[in-house]
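Heads up, the thing below is written out as structure tokens.
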Amino acid sequence: MEAVPKKLEHDLEEAADFLRDYLERGGVPKVVTHHDADGLSAGAIVHSAITKEGYPCHTRCVKQLEDRIIAELAAEKPEMVIFTDFGSGQVDLIQKHLKDTKVIILDHHQPKEVKAEIEHNINAHKYGIDGAREVSGSGMAYFFARAFCDGCEELPETQFRVTELAALAIVGAVGDLQDNSGAFHGLNRLIIKEGEAAGVLRVEKDLRLFGRQTRPLYKAIEYTTEPFIPGLSGSESASLQFLSELDIPVKRDDRFVMLADLTQEERQRLTTALILKMIEHRVPPRIAESIVGEVVTLLKEEKRTPLRDAKEFATLLNACGKHEHYGIGLAVCLGERGELYRRSLGMLREHREYLSTCYNWITQNLDKIRDEGAVYALHAGEEIDENVIGTVAGMVLNSRILNPIKPIIAFADAEDGEVKVSARGNRELVDSGLNLGKAMLYASELVAGEGGGHDIAAGAKIPKGKEEEFLKHVEEKIREQLAVPSREAIGGRK
Ligand code: C5P
Ligand code: C5P
Ligand code: ZN
């Protein structure tokens with residue numbers, strides 16, 4: 001079984017001692033985290049650990065840790081900041097603005113090379129752990145919380161066990177699609193083991209349909225996009241027809257049939273038919289087979305609610321993040337199940353509808369996607385919100401609208417007048433050398449932007465008007481990574 005590397009454990013303990021020492025002297029740290037499901041879960045994990053041990057802290061989310069955002073944070077003159085789910089790509093900016101602040105970073109993005117390191121910049125990659133697959137930002141936060149709570153004196157009045165936070169750590173991992181091969185890897189497996197021992201989660205093999213806990217089966221099929229099921233994903237009528245051809249009823253005793261209601265034989269029939277359907281549409285068998293895999297049930301959450309399933313929980317958090325209602329997402333992570341939770345359910349519905357509108361827009365505007373040699377480029381302008389352009393780029397690459405032999409670089413206008421870039425690849429491309437995080441960092445620096453991320457998914461923010469120049473640099477870098485001959489060498493293009 002996977003264990004936390006000794007050096008990581010040691011560094012986490014040192015950072016935890018650093019925090020505890022500050023708290024014991026009456027300090028109030030600020031936790032600053034990323035706005036997506038992983039970031040919200042990560043922030044909530046650190047926040048919970050600190051407050052359950054009886055100390056105060058302030059937690060907030062931001063869209064991306066940009067120069068301007070760190071400068072604004074510095075203006076508040078914080079004594080201590082804990083960055084979760086980002087920070088390692090912004091060490092130079094943190095050093096520039098937060099010279100007199102105590103800093104802890106808990107991150108899983110590829111770190112940027114810097115002249116002088118921040119002492120407590122704890123990043124998965126530095127310990128030989130693949131931060132795109134083996135541990136998420138909330139996983140790093142979980143191991144930090146564990147080190148912190150283990151070092152605290154037991155409070156007689158609380159029943160809190162830090163390993164209960166494993167549930168949120170897995171929600172974050174699923175939110176970052178770390179399970180999209182159909183299985184969890186590396187430290188994520190250890191988190192699962194600890195969560196199972198704490199009685200907060202259960203992992204089983206099942207069809208990885210969206211909304212296992214809450215949707216009628218035909219809706220669960222329609223809503224599943226990871227993996228994308230050509231002809232069924234996004235289409236209610238096709239999903240109904242598909243079930244009817246398989247002789248699986250939509251309703252039984254006047255109640256909609258859910259995935260959980262199927263007999264073993266029906267489930268098998270459905271699984272085989274779904275895989276065949278994908279293979280017929282030329283989905284690679286490995287991706288088609290990932291429709292069956294590990295699914296996580298959160299045992300402390302109420303049955304038949306979106307929070308009971310890790311994937312739906314993560315989508316709900318993404319919906320809060322993308323609507324910029326971070327406080328609601330954090331509150332749900334921290335256990336709020338009243339009015340704010342009800343509002344999050346509304347955002348979840350709107351988020352799903354919006355994604356489907358974006359997807360339809362693309363299918364009707366295929367000319368917005370250009371083949372740019374080693375990459376595809378999608379120019380969405382104002383048509384797609386900057387907060388979901390990454391999700392949409394991933395959907396397009398997985399949907400077979402495109403032949404997924406090259407990554408996609410998507411552009412959307414940002415509210416601050418700049419341009420948001422999201423890049424998405426797949427495992428085959430990464431295995432061939434693709435590293436989108438490095439390509440984003442390289443090209444954004446050449447156009448005075450900021451970028452980074454993971455090998456398989458990355459992003460950037462660049463000045464308006466610089467899109468073509470940026471794309472040229474990205475394309476060059478990716479061509480080099482994938483060892484694609486240059487356009488000149490093959491006699492030019494077009
Ligand atoms: O900033 P953060 O690390 O939390 O975000 C990771 C992003 O990478 C998520 O948007 C996730 O959807 C994306 N991703 C992906 N495909 C993968 C792994 C991650 O699109 N295989
Ligand atoms: O925003 P998007 O989902 O496309 O981001 C993909 C990945 O790239 C995320 O992990 C995000 O944190 C990272 N990213 C980054 N720097 C940026 C923008 C995105 O590291 N400026
Ligand atoms: Zn993350």
Side-chain angles (χ1 to χ4, degrees), residues 33-43 61-69 83-90 93 106-112 123-125 130-141 169 171-182 185 225-227 287 290 311 314-315 317-318 321-322 378 384-398 404 407-412 414 418-430 434-441 443-445 449-462 470:
T33 195
H34 197 200
H35 77 157
D36 65 2
D38 185 31
L40 286 162
S41 306
C61 296
V62 298
K63 209 182 276 188
Q64 190 59 46
L65 206 52
E66 291 165 4
D67 195 338
R68 180 179 57 86
I69 302 282
F83 292 104
T84 55
D85 193 32
F86 50 26
S88 296
Q90 293 81 18
L93 298 174
L106 304 166
D107 196 0
H108 71 129
H109 292 89
Q110 299 182 93
K112 194 169 169 177
N123 183 297
H125 292 270
D130 179 353
R133 247 160 57 96
E134 297 179 326
V135 75
S136 65
S138 35
M140 293 301 287
V171 169
V174 169
D176 269 8
L177 306 183
Q178 298 203 333
D179 64 331
N180 75 349
S181 66
H185 308 276
T225 53
E226 285 289 338
I287 295 182
S290 76
K311 186 113 200 140
T315 309
L317 294 181
N318 273 327
K322 311 275 158 149
L378 163 64
I384 295 178
D385 189 298
E386 59 170 313
N387 292 333
V388 302
I389 186 74
T391 311
V392 173
M395 277 163 72
V396 170
L397 196 66
N398 284 321
I408 181 164
I409 317 294
F411 298 84
E418 296 206 310
V419 176
K420 169 71 204 292
V421 188
S422 280
R424 294 292 187 272
N426 57 31
R427 182 101 326 251
E428 287 76 16
L429 289 164
V430 168
L434 179 74
N435 190 323
L436 290 171
K438 287 194 174 151
M440 290 289 115
L441 176 63
S444 61
E445 282 182 343
E450 294 172 52
H454 306 287
D455 48 14
I456 200 161
K461 192 73 160 307
I462 58 170
F470 174 84

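As the structure lists them, so they are numbered: ligands from 1, and atoms in each ligand from 1.
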Rounded to the nearest 0.5 Å, what separates atom [atom1] in [X] from atom [atom2] in [Y]?
X	Y	atom1	atom2	answer
Q64	D36	CD	CG	9.0 Å
Q90	L65	CD	CG	4.5 Å
T84	D107	OG1	CG	9.0 Å
K63	F86	NZ	CZ	12.5 Å
M440	I462	CE	CD1	8.5 Å

Go through the steps to decide whether E226 and K311 satisfy the test salt bridge (charged side-chain N to carboxylate O under 4.0 Å, His left out), and finish with yes or no.
-> CA-CA 10 Å; E226 285 289 338; K311 186 113 200 140; 5.8 Å; no

For the Zn ion (ligand 3), count the protein N, O or S atoms found under 2.8 Å away.
->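 With waters ignored, the protein N/O/S count below 2.8 Å is 4.
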
Any nitrogen or oxygen of A423, main chain or side chain, under 3.5 Å from a nitrogen or oxygen of ligand 2?
->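 Checking ligand 2 against A423, no N or O pair falls under 3.5 Å apart.
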
Look only at interatomic distance and state if E450 has a nitrogen or oxygen under 3.5 Å from any nitrogen or oxygen of ligand 2.
->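 N/O-N/O distance under 3.5 Å: yes.
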
Number the atoms of ligand 2 from 1 as they appear, then name those within less than 4.0 Å of a heavy atom of G453, with their elements.
->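 Near G453, the atoms of ligand 2 are 8 (O), 13 (C), 20 (O).
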
For ligand 2, which atoms sit closer than 4.0 Å to a heavy atom of K420?
->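 Those of ligand 2 that fall under 4.0 Å from K420 are 1 (O), 2 (P), 4 (O).
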
With Q178, which residues qualify under side-chain contact (heavy atoms from CB on, under 4.5 Å), at least two apart?
->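 For Q178, the residues satisfying side-chain contact (heavy atoms from CB on, under 4.5 Å) (neighbours in sequence not counted) are H108, S136, A173, D176, N188.
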
Please state which protein non-hydrogen atom is closest to [atom] and give its distance, to 0.1 Å?
atom	result
atom 17 (C) of ligand 1	I456 CG2, 3.5 Å
atom 16 (N) of ligand 2	Q64 NE2, 3.4 Å
atom 10 (O) of ligand 1	R424 NH2, 3.3 Å
atom 4 (O) of ligand 2	S422 OG, 2.5 Å
atom 18 (C) of ligand 2	G459 C, 3.3 Å
atom 15 (C) of ligand 2	G452 O, 3.3 Å
atom 1 (O) of ligand 1	H109 NE2, 2.8 Å

Using 4.0 Å as the upper bound for N to carboxylate O, is an ion pair formed by K112 and E445?
->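 The answer is yes: the pair qualifies as a salt bridge.
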
Can a non-hydrogen atom of Q178 be found less than 4.0 Å from any atom of ligand 1?
->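 It does not; every heavy atom stays at 4.0 Å or beyond.
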
May I ask you to decide if [Y]'s main-chain N or O and [X]'s side chain share a donor-acceptor pair within less than 3.5 Å?
X	Y	result
N318	A37	yes
H34	L40	no
E134	D130	yes
T33	G39	yes
D38	G137	yes

What atoms of ligand 1 come within less than 4.0 Å of a heavy atom belonging to [X]?
X	value
A457	8 (O), 13 (C), 14 (N), 15 (C), 20 (O)
D36	1 (O), 2 (P), 4 (O), 5 (O)
D38	4 (O)
H108	3 (O)
H454	2 (P), 3 (O), 6 (C)
H34	1 (O), 4 (O)

Please report the C-alpha distance between Q110 and L441 in whole Å, then the side-chain angles of each, then the deciding distance to 0.1 Å, and finally whether the side chain to side chain contact (heavy atoms under 4.5 Å, CB included) criterion is met.
-> CA-CA 10 Å; Q110 299 182 93; L441 176 63; over 6 Å; no

Should the proximity of [X] to ligand 1, defined as any heavy atom under 4.0 Å, be assigned to the side chain, the backbone, both, or neither?
X	value
R427	neither
D85	side chain
N180	side chain

L317 vs V171 side-chain heavy atoms within contact, under 4.5 Å =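 Yes, close enough: below the 4.5 Å cut-off.
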
Ligand 2 contact by [X], heavy-atom criterion under 4.0 angstrom:
X	value
E66	no
M440	no
G89	no

For N387 against D385, the heavy-atom pair lying closest together =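 Closest approach of N387 to D385: N-OD1, 2.7 Å.
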
Closest contact, heavy atoms only, G172 versus S138 =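 Closest heavy-atom pair between G172 and S138: CA-OG, 3.1 Å.
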
Just go through A132, S88, G390, A458 and tell me whose heavy atom is the nearest to atom 5 (O) of ligand 2.
->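 Nearest heavy atom to atom 5 (O) of ligand 2 lies in A458.
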
Closest candidate by heavy atom, reference atom 19 (C) of ligand 1, pool V430, L177, D176 =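 The residue whose heavy atom sits nearest atom 19 (C) of ligand 1 is D176.
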
Within 6.0 Å of NZ in K461, more than 12 heavy atoms from elsewhere =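 Yes, NZ of K461 has more than 12 neighbouring heavy atoms, counting only those of other groups under 6.0 Å.
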
Verify side-chain hydrogen bond (donor to acceptor under 3.5 Å, both in side chains) between H125 and N123, making sure each step is shown before the conclusion.
-> CA-CA 6 Å; H125 292 270; N123 183 297; 4.6 Å; no

